[in-house]
Each structure stands twice: as C-alpha cells, then as structure tokens.
Amino acid sequence: MSKEKFAGVKGMNDMLPADAAVWQTLQQTAVGVLERYGYQEIRTPILENTKVFTRGVGEVTDIVEKEMYSFTDSMNGDQLTLRPECTSAVVRSVNEHSLLYGATQRLWYCGPMFRHERPQRGRYRQFHQLGAEALGMEGPDIDAEMIMMLARIWKELGVGDVRLELNTLGALPERQAHREALIKYFEGNQDVLDEDARRRLYTNPLRILDTKNPEMQELVNAAPRLLDFLGEESRAFLARMEQLVSAAGIEYVINPRLVRGLDYYNHTVFEWITDKLGAQGTICGGGRYDPLIEMLGGRPAPGVGFAMGMERVIELMRECGRVPVRTQTDVYVIHSGGDTQVQAMLLAEALRDAGVRVMVHPGKSGFKSQMKKADASGARFAVFAAEDELAAGTVSVKALREGEKSYAEQTALPLAGAAAAIAAALAA
Ligand code: ATP
Ligand code: MG
C-alpha cells in the first residue's frame with residue numbers, strides 16, 4: 001500500500017494541545033469581563049443561507065465580493081455559506097426568535113469564521129472571532145461602555161498598549177453628501193486610482209479611503225472628510241461618546257479614514273491596533289449598525305458590536321510574554337498492575353473527587369519507565385501504589401519538583417486518608 005500523507009486545508013490551522021492553555025485563557029478572561037457587563041452567550045450555526053451575508057455584510061464588500069465559502073447543498077439546492085463573520089448570523093437569530101420584542105439584548109459569541117483570503121501571518125482562511133452585540137440600545141452610552149469593556153479585556157490579558165482609533169460615520173444623509181463630494185474628488189484624480197478603487201468609485205467610494213495601496217495614500221489623505229459633513233445630532237453623539245471614553249481614562253485618536261464602508265453602518269466605528277504584529281495589527285474592530293436589524297427582516301432596532309481576531313490577540317499575548325504555562329496533571333500514579341492497578345485507579349478517583357488532576361499510568365511497565373512518564377507529565381507529585389505498601393494499608397507520595405514543600409522525601413500515607421492529604425498538600 002502506498003503511504004499517502006494527509007494535510008490540512010491551506011490557511012486553516014490545527015490548535016494543538018500545547019496551545020490550549022493560551023486559547024482558554026483568552027476566552028475565559030474575555031468572557032469573565034463580558035459577564036461583568038451583563039453579556040450572555042449566543043451560538044449560531046456555522047452555516048447560514050448565503051443571503052444572510054449578502055444582505056447582512058453587503059454586496060459591495062471584500063467579504064461578499066471575493067472571500068465567502070459558498071456552495072450549493074447537493075441534497076436540496078440550497079445556497080449556503082460558511083459564516084465569514086457573526087454579526088449577521090446573530091441578528092438573523094435574534095429576529096427569528098423575536099429576542100428584541102420588548103427587550104434589549106447583550107450577547108457574546110466565540111467561534112470559527114471563514115474567509116477565502118491569501119493566508120499570511122495574522123490572516124487565515126479559518127480564524128476565530130470573539131465578539132459581542134448590544135441590541136436595542138441607541139447609545140452613545142452603550143458604545144462607550146463597549147469600549148471600556150474592551151479596554152478592560154486588554155488590561156486583564158496583560159496586552160496593555162493597544163491603540164484605540166475612533167471615528168463616526170454619521171447618519172445616512174450626511175454620508176450621501178460626503179459620498180458625492182468623494183466621487184467628485186476621485187473623478188478628478190482618476191489617474192491615481194488603482195483598479196480596486198476605480199471599481200468602487202460609484203459603488204462604494206467610502207471604502208476607497210480604507211485602501212492599503214501606498215501609492216494612493218497621499219490622495220486619500222487629502223480627500224473630503226465626513227467629519228466636515230456631520231449635522232448637529234451626529235456631532236453630539238460623537239462628542240458624548242468621546243466624553244464618556246475620556247472620563248474612563250481611555251486614550252484614543254480620531255481617525256477620519258476609519259470606515260466600514262456600508263450604508264447601514266452609522267455613528268460609531270472603532271479599531272484597536274497594535275504595532276507588535278506587523279501588517280495585521282488590527283486586533284479588534286467594531287461599530288454601530290442601526291439599520292441592520294430591519295434590513296434582515298426585524299422590527300427596526302439599533303445595534304452596536306465588535307469582533308476581535310483571536311489568533312491576532314493570541315500572538316500579541318505571546319509577544320507580551322503572556323502565555324500561561326499549564327502542566328497536564330498534578331499527580332501521576334505509579335503501580336505494578338494486578339490489584340495495585342485497581343487500588344491506583346480507585347485512589348485516583350478519590351483524588352478527582354477532591355478536585356485534583358490525576359493520571360494513572362496506563363497498562364503495565366517497569367518502575368523506571370513509569371517515573372519517566374511521571375516526570376514528563378509535569379506532575380508535582382508521584383504516588384506509588386506498590387504491593388507491599390498496599391498490603392500494609394498505605395501508599396507513598398514523593399514530590400517531583402525542586403522547591404516543593406511537602407513530600408520532598410518519599411512518605412507513606414494511610415490509604416484511607418491519602419487523597420485528602422495529597423489534595424491539601426497541592427493546595428498549600
Ligand atoms: P482586515 O482589514 O485585517 O482584513 P477586516 O476589516 O476584514 O480586517 P473585520 O471583518 O472587522 O476585519 O473582523 C474583525 C477582526 O477579525 C479583525 O480586526 C481581525 O482581528 C480579525 N480578522 C479578520 N479577518 C481575519 C483573517 N482572515 N484571519 C485572522 N483574523 C482576521
Ligand atoms: Mg478583511
């Protein structure tokens with residue numbers, strides 16, 4: 001038989017056991033913070049009907065134009081898409097289950113998203129987002145609170161110096177006036193526009209401001225600014241949000257080029273950026289999307305949300321030396337098969353009753369090889385269930401690491417009290 005090697009799909013990563021602790025720390029820390037602000041979990045399927053995203057993300061976006069994994073269900077002809085983001089899916093679900101009837105919702109989600117992009121550092125085809133949506137609340141207080149919540153998450157993760165950029169997209173009529181000015185401005189500079197920009201000139205000129213093409217930076221920097229088209233209400237919304245964010249001691253800069261580029265995004269947009277990750281430095285993006293709920297078939301209600309890229313945040317945690325070390329087990333039980341294995345497994349159960357992480361040596365091997373395994377497991381204590389000791393109603397314990405206060409010498413313990421004694425020594 002020829003040996004065929006199987007590889008994962010390009011741009012889609014395995015999370016290996018060595019990385020589990022950092023992923024869990026990120027999720028537990030973030031969720032711990034979210035819960036302190038009243039956010040509850042929602043889980044939606046990874047597959048949605050394609051139109052949830054063509055509608056919910058917008059036809060003239062990178063995501064819908066070129067990044068979606070869409071296919072026809074061969075069983076029934078349904079047009080389906082692997083979710084490229086979760087806001088549309090959450091809104092679809094909230095509408096479907098009438099969660100906004102006479103209520104507001106503060107929701108968080110966490111899971112894989114799929115975009116057909118060119119894989120590179122910080123950019124994958126399957127990646128993970130942890131995000132939140134605050135639905136049914138007009139802001140700007142809730143927008144500011146969301147920013148405070150994120151600042152707290154960065155602080156608790158120990159990745160302190162991420163930069164906050166804020167902007168406003170105002171309201172629709174203001175954007176329309178700005179859009180006309182933009183089109184005029186770019187029409188007068190056709191020769192500098194790249195292909196993407198020319199394609200977007202009449203469909204989504206705002207998005208041109210978001211270009212990463214260095215040859216267009218000068219042009220884009222001098223483009224008409226939406227800030228100059230804002231009416232009173234939009235200016236007051238932004239001012240109040242800035243006041244609240246400043247009062248919380250959070251630093252930010254207003255970046256007039258920060259856009260979302262879709263007609264139904266309004267008022268608040270923000271990004272959190274780090275200089276430690278090279279080109280893919282945006283670890284989190286968010287904003288207000290008041291018209292979206294109605295666009296996805298719900299009764300009109302406002303909304304604001306964010307999504308962080310977990311792979312990028314984890315890389316930042318690594319850069320900041322914030323990777324938790326977690327061993328596989330606290331106790332490793334060594335035995336010599338037969339009845340001693342029965343006793344070993346029962347003692348392990350008693351330890352687990354006391355909340356201790358325990359591994360019992362599997363199968364039967366020599367003492368030396370079991371000690372090697374015990375050491376490699378990272379356990380703090382080895383427990384020996386040996387025949388002669390068990391016959392005397394005892395087991396013995398020995399610390400495996402330098403500096404351990406209890407059981408530095410191998411110590412016999414009465415079998416009956418062994419689990420409690422070991423658990424106490426671990427907790428001390
Ligand atoms: P970018 O400009 O980097 O493509 P985006 O505007 O497409 O980002 P959003 O749709 O706002 O990103 O997604 C929110 C966050 O999810 C991003 O700030 C980023 O941290 C993360 N993210 C987006 N796409 C990817 C990807 N392909 N791989 C890893 N993380 C991603
Ligand atoms: Mg993108």
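We count residues from 1, following the sequence as given. Counting convention: from 1, in listed order, for ligands and their atoms alike.
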Considering only protein heavy atoms, which is closest to [atom], and at what distance to one decimal place?
atom                    : answer
atom 11 (O) of ligand 1 : Arg260 NH2, 3.2 Å
atom 14 (C) of ligand 1 : Gln129 NE2, 3.3 Å
atom 1 (P) of ligand 1  : Arg123 NH2, 3.5 Å
atom 19 (C) of ligand 1 : Arg312 NH1, 3.4 Å
atom 28 (N) of ligand 1 : Tyr124 N, 3.0 Å
atom 30 (N) of ligand 1 : Phe127 CD1, 3.4 Å
atom 29 (C) of ligand 1 : Gly122 O, 3.2 Å
atom 17 (C) of ligand 1 : Thr282 O, 4.1 Å

*State whether any protein heavy atom lies less than 4.0 Å from atom 6 (O) of ligand 1.*
no
*Consider ligand 1: state whether an atom of it lies below 4.0 angstrom from any non-hydrogen atom of Glu85.*
no
*Can you find a non-hydrogen atom of Lys212 under 4.0 Å from ligand 1?*
yes
_Minimum non-hydrogen distance to atom 15 (C) of ligand 1, winning option of Ala279, Ala307, Gly11_ = Ala307
*If we only count N/O pairs under 3.5 Å, is Glu311 in contact with ligand 1?*
no
*Heavy-atom contacts under 4.0 Å between Arg115 and ligand 1: side chain, backbone, both, or neither?*
side chain
*With heavy atoms under 4.0 Å as the rule, classify the contact between Asp62 and ligand 1 as side chain, backbone, both or neither.*
neither
*Criterion salt bridge (charged side-chain N to carboxylate O under 4.0 Å, His left out) on Glu165 and Arg257, from CA distance to verdict*: CA-CA 10 Å; Glu165 293 192 354; Arg257 285 182 46 198; over 6 Å; no
*Partners of Phe127 by ring-ring contact (aromatic ring centres under 6.0 Å, His included), sequence neighbours excluded?*
none
*Quick one: ring-ring contact (aromatic ring centres under 6.0 Å, His included) partners of His267, sequence neighbours excluded?*
Phe237
*For Tyr39 and Gln105, test the side chains for any donor-to-acceptor distance below 3.5 angstrom and give the result as yes or no.*
no
*Is a side-chain donor-acceptor pair under 3.5 Å present for Gln79 with Thr72?*
yes
_Arg322 atom CZ: more than 12 heavy-atom contacts under 6.0 Å_ = no
*How many angstroms lie between atom CD1 of Ile334 and atom NZ of Lys398, to the nearest 0.5 angstrom?*
10.5 Å
*Does any non-hydrogen side-chain atom of Arg115 lie less than 4.5 Å from one of Gln126?*
no
*Contact check, side chains of Arg123 and Gln120, non-hydrogen atoms, under 4.5 Å*: yes
*asked:* Centroid separation under 6.0 Å, is that true for the rings of Phe384 and Phe367?
replied: yes
